[in-house]
J.: 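Below is a structure I'd like to ask you about.
Starting from 1, each residue takes its place in the sequence as its number. Every number for a ligand or one of its atoms is a count from 1 in the order of the listing.
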Amino acid sequence: MSEIENLCDITIFGGHGDLAFRKLMPALYHLFRDGYLNHQSRILTVTRREMSNEEHIELVRVKLIEFLKEGEFDAKRFEEFADRLLVVKVDLGDEESYAGLKKILDEHPSRDRVNYLSTAPDFFGAICKALSRWELITPQSRVVLEKPIGRDLISSRAINVEVLKYFEESAVYRIDHYLGKDTVQNIMALRFSNRIFMPLWDASNIDHVQITVAESVGVEGRWGYYDDYGAMRDMIQNHLLQLLCLVAMEPPCSLDADSVRDEKVKVLKSLRPLTPTDIELKTVRAQYAKGSIDGESVPGYKEGTGVEMSNTETFAAIRADIDNWRWNGVPFYLRSGKRLRRRNSEIVIIFKSVPHSIFANKGRCISQNALVISLQPNESIELKLMNKIPGLTEQMHLQQVDLELNAPLNTERKPEAYERLMLDVIRSNPTLFMRLDEVEAAWRWADVVLEGWADNIVQMKSYGAGSDGPGAAIAMIERDGRSWYDER
Ligand code: BG6
């Protein structure tokens, strides 16, 4: 714990939004409670609403109780935390209204400043401009940009150009909260601290990779945002591509920010652009219709919204290919959707079959080895191996067994992704944040698919809420003679 170093003023724009209450405040509360946030630091919530500090503190208290896990809220510690909370009314688009914020921040002009932009991306430029006009950007200032940064390469560029007029690239922290998850960081530990994987991790040994992020929740009151984005922009362009990068990247020369990001960006730049035929055969987009989850009936995506027409996908599946030496001919199948039967995020590395089976026709066939990295809801790493079934049968019978590579049980609370990321911003460590070239390379690849979908190269499919997704996603992978790991 190095509380003394971490003295800063954290300003959350969009501070009364869903993300701020659900994730950011709980993360800051934990950091404060566990001694990672200097007790003189201040947390300024910027909101459009007129509100006294007491009302704001009460609101934060109620929301923390709602969003912290059972037993995590401590009334006494909250009192100390509340002492660090301030609220300030600003109309984000009106530069004059930033005067109140200036007054507060100028009380400590030499403190580190974290500006967390948890607003719609359209405001990013205006906020940075206003901060600059009021001389609130100091050499110790950083800006955190929540995703999505734009809807495509052009709009993402426009936003970044605006922000970079006022902040150096080294002060810009683009969040992808998947990178803050402990299990996701463990992918690097697994790959780069275990020599046994080194010779296996390439096209001569790996048949293909599957990356799935399945959610059972719907859009959770975020319809206004989601309908404009859909699964491709909301999940695949960022979270799933980042997971792909961690699986596919070359070993960085060190763990410093640029070494890691240099390797990730090489992967993104090596993604093969999809042709119209690829879009037809190797992508699936679908929207959920009514169904039921855990015995509860669930309305379809459009139902109850008052909107009859929406061409937004709530499910996407894509085969990505990486054109480099290591991954030549190894497909990466990506899949993500909402309102699916169960929440399940996993990366499955499927190895090639043995070159010649001496067991063929003797007992069961040999399954391919697989390394299954489960991220959510349970965290585990399993290596699937073949083993002899004990016994005196004349023919040797085999079965698949799991070698579990799980970390020893640790009873300590696992930090949430936003705690790790917030602390890294406070410490000025950008390793787990996306550099401009990464965001652009990811959009460049995603844009081709999105344009193909906009041209209706592939039709929107439907799937029932509570199902495993559209049959077209199964057909997509089966065309390559493969199947989804969880369908086997
Ligand atoms: C967010 C998306 O980035 O990630 C949401 O905008 C999605 O739509 C969420 O539900 C999933 O995050 P997690 O950590 O719950 O897997």
Side-chain angles (χ1 to χ4, degrees), residues 14 17-27 30 67-69 116-121 144-151 156 173-187 211-246 285-288 293 298 301 305 310 312-317 334-347 373-380 413-422 432-434 438-439 442-443 446 450 465 469:
D18 186 60
L19 182 81
F21 284 133
R22 204 179 274 274
K23 299 285 182 192
L24 307 183
M25 271 300 169
H30 279 302
F67 292 121
L68 284 173
K69 297 205 178 88
Y116 200 115
L117 311 195
S118 173
T119 66
V144 186
L145 308 181
E146 252 306 329
K147 70 159 256 279
I149 303 176
R151 294 185 76 254
S156 154
Y173 289 68
R174 298 178 190 84
I175 285 236
D176 183 310
H177 80 275
Y178 266 56
L179 295 178
K181 289 179 191 271
D182 237 50
T183 42
V184 172
Q185 288 162 49
N186 197 30
I187 299 170
I211 303 180
T212 300
V213 178
E215 298 183 277
S216 55
V217 293
V219 295
E220 306 294 287
R222 296 191 308 149
W223 208 85
Y225 147 78
Y226 193 87
D227 198 53
D228 212 16
Y229 285 80
M232 181 69 180
R233 293 182 173 94
D234 186 51
M235 298 294 289
I236 306 255
Q237 186 270 348
N238 34 77
H239 302 327
L240 277 87
L241 284 188
Q242 285 295 322
L243 296 178
L244 175 146
C245 284
L246 293 175
R285 56 180 179 140
Q287 193 182 77
Y288 68 82
I293 299 183
V298 172
Y301 174 69
T305 59
S310 164
T312 300
E313 77 286 353
T314 56
F315 177 100
L334 313 179
R335 184 174 57 147
S336 181
K338 291 204 180 282
R339 284 293 190 219
L340 294 168
R341 183 167 58 83
R342 62 189 178 117
R343 180 173 186 232
N344 172 41
S345 301
E346 64 183 17
I347 299 170
I373 306 172
S374 303
L375 308 175
Q376 293 171 162
N378 302 316
E379 299 167 11
S380 65
R413 187 185 67 85
K414 279 234 170 81
E416 293 277 334
Y418 276 96
E419 284 172 57
R420 156 104 252 162
L421 296 174
M422 193 67 95
L432 299 178
F433 297 82
M434 288 184 296
E438 280 183 80
V439 177
W443 274 126
L450 288 163

J.: Which heavy atom of Gln185 sits nearest to which heavy atom of Arg420, and what is that distance?
T.: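 The answer is NE2-CD, 3.4 Å.
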J.: So does Ala442 get a backbone contact from the side chain of Gln237, meaning a donor-acceptor N/O pair under 3.5 Å?
T.: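 Answer holds: no.
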J.: I need the atoms of ligand 1 closer than 4.0 Å to a non-hydrogen atom of Lys147, numbered in the order shown.
T.: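 Under 4.0 Å from Lys147, ligand 1 has these atoms: 1 (C), 2 (C), 3 (O), 6 (O).
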J.: How close does the nearest protein non-hydrogen atom get to atom 6 (O) of ligand 1, and which residue and atom is it?
T.: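 Protein heavy atom with the smallest distance to atom 6 (O) of ligand 1: Asp234 OD1, 2.6 Å.
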J.: Against heavy atoms of Lys338, which atoms of ligand 1 measure under 4.0 Å?
T.: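 What qualifies from ligand 1 is 5 (C), 7 (C), 8 (O), 10 (O).
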J.: Any side-chain donor paired with an acceptor under 3.5 Å for Tyr178 and Asn238?
T.: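 No pair is found: no donor N or O on one side chain lies under 3.5 Å from an acceptor on the other.
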J.: Are the side chains of Leu334 and Leu241 in contact, using a 4.5 Å heavy-atom criterion?
T.: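 Contact flag for Leu241/Leu334 side chains = yes.
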J.: What's the verdict on side-chain contact (heavy atoms from CB on, under 4.5 Å) for Val213 and Leu240, showing C-alpha distance, side-chain angles and the deciding distance?
T.: CA-CA 8 Å; Val213 178; Leu240 277 87; 3.8 Å; yes
J.: Could you list the atoms of ligand 1 found under 4.0 angstrom from a heavy atom of Lys181?
T.: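 Near Lys181, the atoms of ligand 1 are 13 (P), 14 (O), 16 (O).
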J.: Under 3.5 Å, is there a donor-acceptor pair between the Arg335 and Thr212 side chains?
T.: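 Looking only at side-chain atoms, Thr212 and Arg335 do form a donor-acceptor pair, the distance falling under 3.5 Å.
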J.: Ignoring hydrogens, just give me the one of Arg222, Met235, Glu215 whose non-hydrogen atom is nearest atom 5 (C) of ligand 1.
T.: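 Closest candidate by heavy-atom distance is Arg222.
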J.: Looking at atom 16 (O) of ligand 1, what's its closest protein heavy atom, distance included?
T.: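 Checking every protein heavy atom, the shortest distance to atom 16 (O) of ligand 1 gives Tyr178 OH, 2.5 Å.
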J.: Shortest non-hydrogen contact from Ala20 to Ser118?
T.: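 Heavy-atom minimum between the residues: N-OG, 4.4 Å.
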J.: Counting from 1, what ligand 1 atoms have a heavy atom of His239 closer than 4.0 Å?
T.: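 By the 4.0 Å cutoff, the relevant atoms are 1 (C), 3 (O), 4 (O).
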J.: Of all the non-hydrogen atoms in the protein, which one sits nearest to atom 15 (O) of ligand 1, and at what distance?
T.: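 I find the closest protein heavy atom is Arg343 NH2, 3.7 Å.
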J.: Taking 4.0 angstrom as the limit and counting only heavy atoms of His177, give me the atoms of ligand 1 inside it, by number and element.
T.: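 Listed by number with element, the hits are 1 (C), 3 (O), 4 (O), 12 (O), 13 (P), 14 (O).
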